[in-house]
Amino acid sequence: MVWQEASAEKREEIREKLGLNDPIHTQFLRLIGNAVKGEFGLSYQLRRPVSDLIAERLPATLELGFISALIAIVSGVVLGV
């Protein structure tokens, strides 16, 4: 259901289900507590657990990071000398 097309009752039900009616400090503490446990919730777009998406993309991210660091170190040493 598209948010703009939802009735006021349905919007309130969704806000309550997601905990958006709670005070901001309560929402933040819930976020931190879940993150410590490795529970990042569901992706709204892909409808999959966020922890699965992170694990799926982590190898490519690390590879890009290591390669870019290697290029930066090598080029920095060569240009520095």
Side-chain angles (χ1 to χ4, degrees):
M1 175 178 284
V2 178
W3 184 255
Q4 291 84 2
E5 297 173 1
S7 66
E9 295 83 23
K10 185 66 174 173
R11 287 182 189 182
E12 188 59 34
E13 179 184 328
I14 292 170
R15 290 183 61 81
E16 189 64 38
K17 179 181 174 186
L18 294 175
L20 298 176
N21 291 335
D22 297 339
I24 193 72
H25 64 277
T26 303
Q27 293 179 39
F28 181 72
L29 290 174
R30 186 181 316 118
L31 171 76
I32 297 300
N34 288 339
V36 167
K37 292 186 268 183
E39 298 172 8
F40 299 106
L42 290 175
S43 166
Y44 296 127
Q45 186 175 14
L46 299 176
R47 308 275 191 250
R48 293 178 51 200
V50 173
S51 55
D52 290 351
L53 296 171
I54 291 172
E56 184 178 294
R57 290 166 170 85
L58 189 61
T61 303
L62 292 175
E63 183 180 354
L64 286 171
F66 289 135
I67 296 297
S68 63
L70 181 64
I71 291 171
I73 291 170
V74 169
S75 62
V77 169
V78 168
L79 292 173
V81 170

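For the numbers below, each heavy atom of this structure counts, side chains included, while hydrogens, waters and symmetry mates do not.
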Next on the checklist: Hydrophobic clusters here meaning ILVMFWY residues chained together by side-chain heavy-atom distances under 4.5 Å, can you tell me if Tyr44 and Ile14 are in one?
Outcome noted: yes
Checklist entry - What pair of heavy atoms forms the shortest contact from Arg30 to Leu18, and how long is it? => result NH1-O, 4.2 Å
Checklist entry - How close do Gly38 and Ser51 get, heavy atom to heavy atom, and via which atoms? => result O-CB, 3.9 Å
With rounding to the nearest 0.5 Å, note down the distance linking [atom1] in [X] to [atom2] in [Y].
| X | Y | atom1 | atom2 | result |
| --- | --- | --- | --- | --- |
| Leu62 | Leu58 | CG | CG | 4.0 Å |
| Leu29 | Gln27 | CG | CD | 10.5 Å |
| Leu31 | Thr26 | CG | OG1 | 12.5 Å |
| Thr61 | Leu64 | OG1 | CG | 6.5 Å |
| Leu53 | Gln45 | CG | CD | 10.0 Å |
| Arg15 | Asp22 | CZ | CG | 10.0 Å |

Checklist entry - After noting the C-alpha distance and the side-chain angles of Glu13 and Glu16, does the key distance pass the side-chain contact (heavy atoms from CB on, under 4.5 Å) rule? => result CA-CA 5 Å; Glu13 179 184 328; Glu16 189 64 38; 5.9 Å; no
Next on the checklist: With heavy-atom distances below 4.5 Å as the criterion, would you say the side chains of Ser75 and Val78 are in contact?
Outcome noted: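 No - every pair of side-chain heavy atoms lies 4.5 Å or more apart.
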Checklist entry - Got a sec, which residues hit side chain to side chain contact (heavy atoms under 4.5 Å, CB included) with Lys37, two or more places apart in sequence or on another chain? => result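 For Lys37, the residues satisfying side chain to side chain contact (heavy atoms under 4.5 Å, CB included) (neighbours in sequence not counted) are Asn34, Glu39.
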Next on the checklist: Salt bridge or not between Glu56 and Arg48? Use side-chain N to carboxylate O under 4.0 Å.
Outcome noted: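 Answer for the salt bridge query: yes.
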